[in-house]
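Note that the numbering runs from 1 along the sequence shown for the chain.
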Amino acid sequence: MDILVIGGTRFVGRHLVAAALARGHQVTLFNRGNSVDVFPNLELIRGDRDTDLSALAGRRWDAVIDTCGYVPRQVRASAELLSGAVGHYTFISSISVYRDQLVADQDEDAPLRELEEETEEVTAQSYGPLKVLCERTLEEIMPGRGLIPRPGLIAGPFDYSDRFTYWPARFDRGGEVLAPGRPDSPVQWIDGRDLAAWTLATIEQGGTGSYNAVTPARRDTMAGLLTACREASGRDAHLVWVDDDFLQAQALQPFAELPFWLPGETGNFMTVSSERAQAAGLAARSTLETVRATLTWHRGRDHPGDLPGRLSAEKEEEVLARWRARA
């Protein structure tokens with residue numbers, strides 16, 4: 001197949017392009033050319049999807065993969081331009097589209113979020129509703145021709161968000177590790193390589209519709225993730241479990257400073273059903289395999305010290321000291 005990838009050089013797009021090439025497809029990239037040129041032998045069409053798609057006019061592809069649509073205007077522009085030039089359009093969405101984030105075991109038919117006020121500013125509050133509008137825009141313009149994977153947190157090598165990466169990197173320092181909440185709390189993600197392999201296979205089959213692209217619900221727990229990180233690191237690390245109430249009293253930011261920590265009912269966000277995607281061939285590699293690959297990549301980065309936006313070593317020590325000193 002001849003595939004156009006909008007984006008394709010950072011994290012998810014990078015895995016998608018690599019998977020497409022490994023499966024023997026021809027790939028064209030469309031992006032601004034600002035990232036590291038990781039695919040120097042591929043055709044790169046330079047352009048900014050936010051302002052000018054004219055460089056794509058007059059070309060044809062079998063399929064397009066849109067990795068970086070965040071507001072409906074962007075998806076409308078690309079879908080309208082490409083509707084007669086491609087047979088199939090994949091839009092990477094998110095499980096953040098669901099309205100009731102506290103409800104467990106939601107599938108693809110669960111109610112979706114609505115944008116309360118018209119905006120194009122992507123924030124924690126608007127991200128999900130804007131993705132919903134992007135999905136609806138694609139279906140409006142290319143009905144029955146769209147594939148919409150809805151991944152959860154995406155893990156693995158090249159994750160510039162450092163969310164999943166925080167835990168393998170933290171264990172690589174060794175010492176006492178603040179383990180948040182309950183050991184049996186569910187956690188959920190998708191390895192970027194698994195997302196890419198399944199997406200390409202589904203495109204090849206002409207698959208359409210929405211799919212929750214995440215690991216099986218309740219397959220993994222916080223304790224299981226942290227144990228895998230300790231094993232992969234080979235460091236002398238000791239888990240110190242700190243309960244939800246205490247962590248919230250320290251004004252720690254759930255999921256941000258401590259990825260995968262969602263206290264109380266908010267943890268239901270990581271019990272989304274992926275049965276439909278599994279039935280369509282989605283396979284999730286083991287936790288340990290994802291952790292090992294992420295740690296190998298992280299060790300090769302020029303990224304000393306604390307990861308931006310995550311719990312710093314200094315703050316972790318302060319919280320643990322307060323935990324030990326509690327009455």
Where do Arg163 and Leu153 come nearest, in terms of heavy atoms and distance? CB-CD1, 3.7 Å
Are Gln250 and Glu257 side-chain neighbours, meaning at least one heavy-atom pair lies under 4.5 Å? no
For Glu265, does the CD atom sit with more than 12 other heavy atoms under 6.0 Å from it, leaving out its own atoms? no
Tell me whether Gln106 contacts the main-chain N or O of Asp100 through its side chain, where contact means a donor paired with an acceptor under 3.5 Å. yes
Side-chain donor/acceptor of Arg193 to backbone N/O of Pro157, under 3.5 Å: no
Does the side chain of Arg230 come within less than 4.5 Å of Val177's, by heavy atoms? no
Any chance you could measure Asp184, atom CG, to Thr221, atom OG1, to the nearest 0.5 Å? 7.5 Å
Flag side-chain contact, heavy atom, 4.5 Å: Val5 against Thr28: no
Does Val17 reach the side chain of Leu42, with side-chain heavy atoms less than 4.5 Å apart? yes
Is atom CZ of Arg322 surrounded by more than 12 heavy atoms (other residues, nucleotides or ligands) closer than 6.0 Å? yes
Let me confirm one number: the NE2-CG distance from His15 to Asp159, rounded to the nearest 0.5 Å. 8.5 Å
Spacing of OG belonging to Ser126 relative to NZ belonging to Lys131, to within rounding of 0.5 Å: 11.5 Å
With Phe255, the ring pair (Phe, Tyr, Trp, His ring centres under 6.0 Å) member among Tyr166, Trp261, Trp189, Phe260: Phe260
Around Asp236, counting heavy atoms of other residues, nucleotides and ligands shown, do more than 12 lie under 6.0 Å from its CG? no
Minimum heavy-atom separation for Glu108 and Ser273, please, with both atom names. OE2-O, 4.2 Å
First locate atom OH of Tyr89, then atom CE of Met142, and finally report the distance between them rounded to the nearest 0.5 Å. 8.0 Å
Return the set of residues passing salt bridge (charged side-chain N to carboxylate O under 4.0 Å, His left out) with Glu140 (not counting sequence neighbours), or none when no residue passes. Arg76
Measuring from atom CG of Leu138 to atom OG of Ser78, what distance do you get when rounded to the nearest 0.5 angstrom? 8.0 Å
Answer yes when Lys315 and Asp306 have at least one side-chain N-carboxylate O distance shorter than 4.0 Å, and no when they do not. no
To the nearest 0.5 Å, what is the distance between CG on Asp172 and CG on Leu295? 4.5 Å
Taking the six-membered ring for Trp, are Tyr211 and Trp198 closer than 6.0 Å centroid to centroid? yes
side-chain contact (heavy atoms from CB on, under 4.5 Å), that's the test. Do Thr287 and Glu231 meet it? Break it down for me. CA-CA 11 Å; Thr287 302; Glu231 179 178 342; over 6 Å; no
Could you go step by step and tell me if Thr266 and Leu102 meet the side-chain contact (heavy atoms from CB on, under 4.5 Å) rule? CA-CA 5 Å; Thr266 59; Leu102 301 184; 3.7 Å; yes
Tested for side chain to side chain contact (heavy atoms under 4.5 Å, CB included) against Thr119, the lone hit among Glu117, Glu121, Glu116 is Glu121
Do Met270 and Phe164 share a hydrophobic cluster, counting only Ile, Leu, Val, Met, Phe, Trp and Tyr and linking them when any side-chain heavy atoms are less than 4.5 Å apart? yes
Any chance the side chains of Gln74 and Asp50 put a donor and an acceptor closer than 3.5 Å? yes
Under 3.5 Å, is there a donor-acceptor pair between the side chain of Asn212 and the main chain of Ser274? no
Side-chain donor/acceptor of Gln188 to backbone N/O of Val272, under 3.5 Å: yes
Ring-plane angle category for Trp167 and Phe171, please: parallel below 30°, perpendicular beyond 60°, tilted otherwise. tilted
Using the rule that two of Ile, Leu, Val, Met, Phe, Trp, Tyr join whenever any of their side-chain heavy atoms come within less than 4.5 Å, decide whether Phe30 and Leu44 are in one cluster. no
In terms of side-chain geometry, is the basic nitrogen of Arg173 or Glu316 positioned less than 4.0 Å from the acidic oxygen of its partner? yes
Within-4.5 Å side-chain heavy-atom neighbours: Arg113 and Arg99: yes
Relative to Phe158, does Arg14 satisfy both conditions: NZ or CZ under 6.0 angstrom from the six-membered ring centre, and within 45 degrees of the ring's axis? yes
Report whether Tyr98 and Ile148 are members of the same hydrophobic cluster (ILVMFWY, side-chain heavy atoms less than 4.5 Å apart, transitive linking). no
Is there a donor-acceptor pair under 3.5 Å between the side chain of Asp66 and the backbone N or O of Ile6? no
Honestly curious: do Ile203 and Ile190 fall in one hydrophobic cluster under the side-chain, below-4.5 Å linking rule? yes
Shortest non-hydrogen separation from Pro186 to Thr271 and the atoms involved: CG-CG2, 3.7 Å
Applying the 4.5 Å side-chain criterion to the ILVMFWY set and letting contacts propagate, would Leu4 and Leu200 be lumped into a single cluster? no
Closest heavy-atom contact between Gly13 and Thr67? CA-CG2, 3.9 Å
Does Arg145 reach the main-chain N or O of Val86 with its side chain, forming a donor-acceptor pair under 3.5 Å? yes
Applying side-chain contact (heavy atoms from CB on, under 4.5 Å), run through Asn31 and Arg10 and close with a yes or a no. CA-CA 11 Å; Asn31 57 56; Arg10 298 192 72 187; over 6 Å; no
Do Leu130 and Glu120 come within less than 4.5 Å of each other through their side chains, counting heavy atoms only? no
Assess whether a salt bridge exists between Asp162 and Arg301, defined as any Lys/Arg side-chain N lying under 4.0 Å from an Asp/Glu carboxylate O. yes
Once you measure the plane-to-plane angle for Tyr127 and Tyr70, does it fall in the parallel (<30°), tilted (30-60°) or perpendicular (>60°) bin? tilted
Does the structure place the NZ or CZ of Arg326 under 6.0 Å from the centre of the six-membered ring of Trp323, at an angle of no more than 45° from the ring's axis? yes
Specify the closest pair of heavy atoms between Ala179 and Leu226, including all atoms of both residues, with the distance to one decimal. CB-CD1, 3.6 Å
Could you tell me which non-hydrogen atom of His25 sits nearest to which non-hydrogen atom of Leu21, and how far apart they are? O-CD2, 3.7 Å
Could you go step by step and tell me if Val291 and Leu225 meet the side-chain contact (heavy atoms from CB on, under 4.5 Å) rule? CA-CA 8 Å; Val291 168; Leu225 170 61; 4.1 Å; yes
Examine distances only and state if a side-chain atom of Arg170 and a backbone atom of Leu178 form a donor-acceptor pair shorter than 3.5 Å. no
Are Arg73 and Glu118 within salt-bridge range, i.e. N to O under 4.0 Å? no
Side chain to side chain, Pro180 and Met222, heavy atoms closer than 4.5 Å: yes
Please check if atom CD in Glu204 has more than 12 non-hydrogen atoms from other residues, nucleotides or ligands closer than 6.0 Å. yes
Quick one: does His88's side chain get under 4.5 Å of Leu147's, heavy atoms only? yes
If you draw a 6.0 Å radius around CZ in Arg32, do more than 12 non-hydrogen atoms from other residues or ligands fall strictly inside? no
